[in-house]
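Report on one structure; see the data block that follows.
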Amino acid sequence: RIAGNFLMKKFNYVNQILYRIYLLIPFLLELRTIMDWIFTDTALGLSSWLQLEDVYSNMYLLKCARWAEKKYPTQRGVTRPKLTKYGVGGSLLTLLILLIWFPLLFFSFSSSFYQPNPPTEVNVEIKVGPYLPIYHMTAQDIDLVSFSSTDLKILRDKIDTLNAEPTVKVGLRTNRKIDLFNSIKQRILWMNEKQTLVAIKRDAIISYLTFVLH
């Protein structure tokens, strides 16, 4: 019962293609070969039986190739016609390109592509040098507000208002420093290593804001 596969009974293109597909199915050839070895009276070991099956498989493919040469003979040394080259070769080339690129194109143009992926959590932390943070804020879910292009324009306009005359610029920045200091002083406290609350020094805040605003 060696090579008792029904696909190997005839030699033609249909059987050859089906047999090659059969060989590509993972572990199917090994399963059939081991079952044949179990239920067939033989003096061969399993490894020899597998080698014999491999020999029969290669012989069948060679016989199919010889059948094709007899069925469709070609003269030696004659180049293949362009219709055959571009028809068969071009079709196979297109098929291979589609098999390689189809998954990428499918996922690229799927509904999940080009969809916004907004953040779900934002952490903001302000610290001066190597010291512990003087401000820490976390926002999640509904506390997050989208920042549109209009909001960005408004923010830029507010920043541009600082570009006033030199005599006015100092006053504006000084006022902003004082306002920021008062706001921070009212809302932020610094916890030291002993877990006691210590108010932030005015000079440290002014120095930090001077560095940031400049």
Side-chain angles (χ1 to χ4, degrees), residues 1-125 138-152:
R1 291 193 51 185
I2 299 298
N5 195 335
F6 70 96
L7 297 175
M8 304 175 71
K9 300 299 183 182
K10 296 180 181 180
F11 306 101
N12 51 46
Y13 280 132
V14 176
N15 286 56
Q16 182 183 9
I17 294 173
L18 292 177
Y19 185 72
R20 288 186 181 276
I21 295 174
Y22 160 76
L23 294 178
L24 292 175
I25 299 176
F27 304 112
L28 184 58
L29 176 63
E30 289 77 8
L31 288 173
R32 189 189 66 82
T33 304
I34 293 175
M35 291 178 63
D36 284 348
W37 180 75
I38 293 174
F39 298 107
T40 302
D41 296 332
T42 179
L44 296 175
L46 180 59
S47 61
S48 300
W49 188 276
L50 292 171
Q51 293 176 1
L52 186 61
E53 179 68 25
D54 185 64
V55 170
Y56 272 92
S57 177
N58 293 329
M59 289 178 59
Y60 174 75
L61 295 176
L62 289 174
K63 285 185 177 180
C64 289
R66 299 291 83 80
W67 170 86
E69 291 177 356
K70 293 180 181 180
K71 185 72 174 180
Y72 306 100
T74 56
Q75 297 180 1
R76 295 182 180 274
V78 178
T79 58
R80 296 285 180 173
K82 292 185 177 181
L83 180 61
T84 303
K85 294 177 65 177
Y86 290 112
V88 178
S91 300
L92 292 176
L93 182 62
T94 305
L95 179 61
L96 290 175
I97 292 175
L98 290 177
L99 290 176
I100 295 173
W101 286 97
F102 176 75
L104 298 176
L105 295 176
F106 176 76
F107 288 108
S108 296
F109 293 100
S110 61
S111 58
S112 61
F113 200 68
Y114 293 121
Q115 294 295 324
N117 186 20
T120 58
E121 181 178 348
V122 175
N123 296 315
V124 178
E125 186 177 275
T138 301
Q140 296 178 345
D141 299 331
I142 59 176
D143 295 330
L144 300 178
V145 181
S146 60
F147 196 78
S148 62
S149 58
T150 304
D151 298 329
L152 178 60

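Computed from a predicted structure; not experimentally measured.
A search for side chain to side chain contact (heavy atoms under 4.5 Å, CB included) contacts involving E125 returns K127, P133, H136, not counting sequence neighbours. Remark: Y19 engages S57 in a side-chain hydrogen bond (donor to acceptor under 3.5 Å, both in side chains) (not counting sequence neighbours). Under the side chain to side chain contact (heavy atoms under 4.5 Å, CB included) criterion, L92 pairs with V88, not counting sequence neighbours. Under the side-chain hydrogen bond (donor to acceptor under 3.5 Å, both in side chains) criterion, D41 pairs with no residue, sequence neighbours left out.
Panel note: side chain N123, backbone T138; no donor-acceptor pair is recorded below 3.5 Å. Within the 3.5 Å criterion, the main-chain N or O of L44 finds a donor-acceptor partner in the side chain of T42. In this structure a side-chain-to-backbone donor-acceptor pair under 3.5 Å is missing from D54 to L50. Of the possible polar contacts, one joining the Y60 side chain to the K10 backbone as a donor-acceptor pair under 3.5 Å is found.
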Take F102 and I97, measure what side-chain contact (heavy atoms from CB on, under 4.5 Å) needs, and give me the verdict at the end. CA-CA 8 Å; F102 176 75; I97 292 175; over 6 Å; no
Should M8 and N15 be marked as a side-chain contact (heavy atoms from CB on, under 4.5 Å) after you check the CA-CA gap, both sets of side-chain angles, and the distance that decides it? CA-CA 7 Å; M8 304 175 71; N15 286 56; over 6 Å; no
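Remark: T33 OG1 to L29 CG distance equals 4.0 Å, nearest 0.5 Å. Distance CZ/F11 to NZ/K70: 10.5 Å, rounded to 0.5 Å. The CH2 atom of W49 lies 11.0 Å from the CD1 atom of I38; values are rounded to the nearest 0.5 Å. To the nearest 0.5 Å, atoms CD1 (I100) and CG (L95) are separated by 10.0 Å. Considering CD1 of I25 and CZ of R20, their distance stands at 14.5 Å, rounded to 0.5 Å. The CG atom of L23 sits 11.0 Å away from atom CG of L18, with the distance rounded to the nearest 0.5 Å.
Note on residues 79-93: no pairs pass side chain to side chain donor-acceptor pair (under 3.5 Å), not counting sequence neighbours. Sorted by first and then second residue, the salt bridge (charged side-chain N to carboxylate O under 4.0 Å, His left out) pairs with a member in residues 57-68 read R66-E69; sequence neighbours excluded.
The two residues W67 and Y13 make their nearest non-hydrogen contact at CZ3-N, 3.7 Å.
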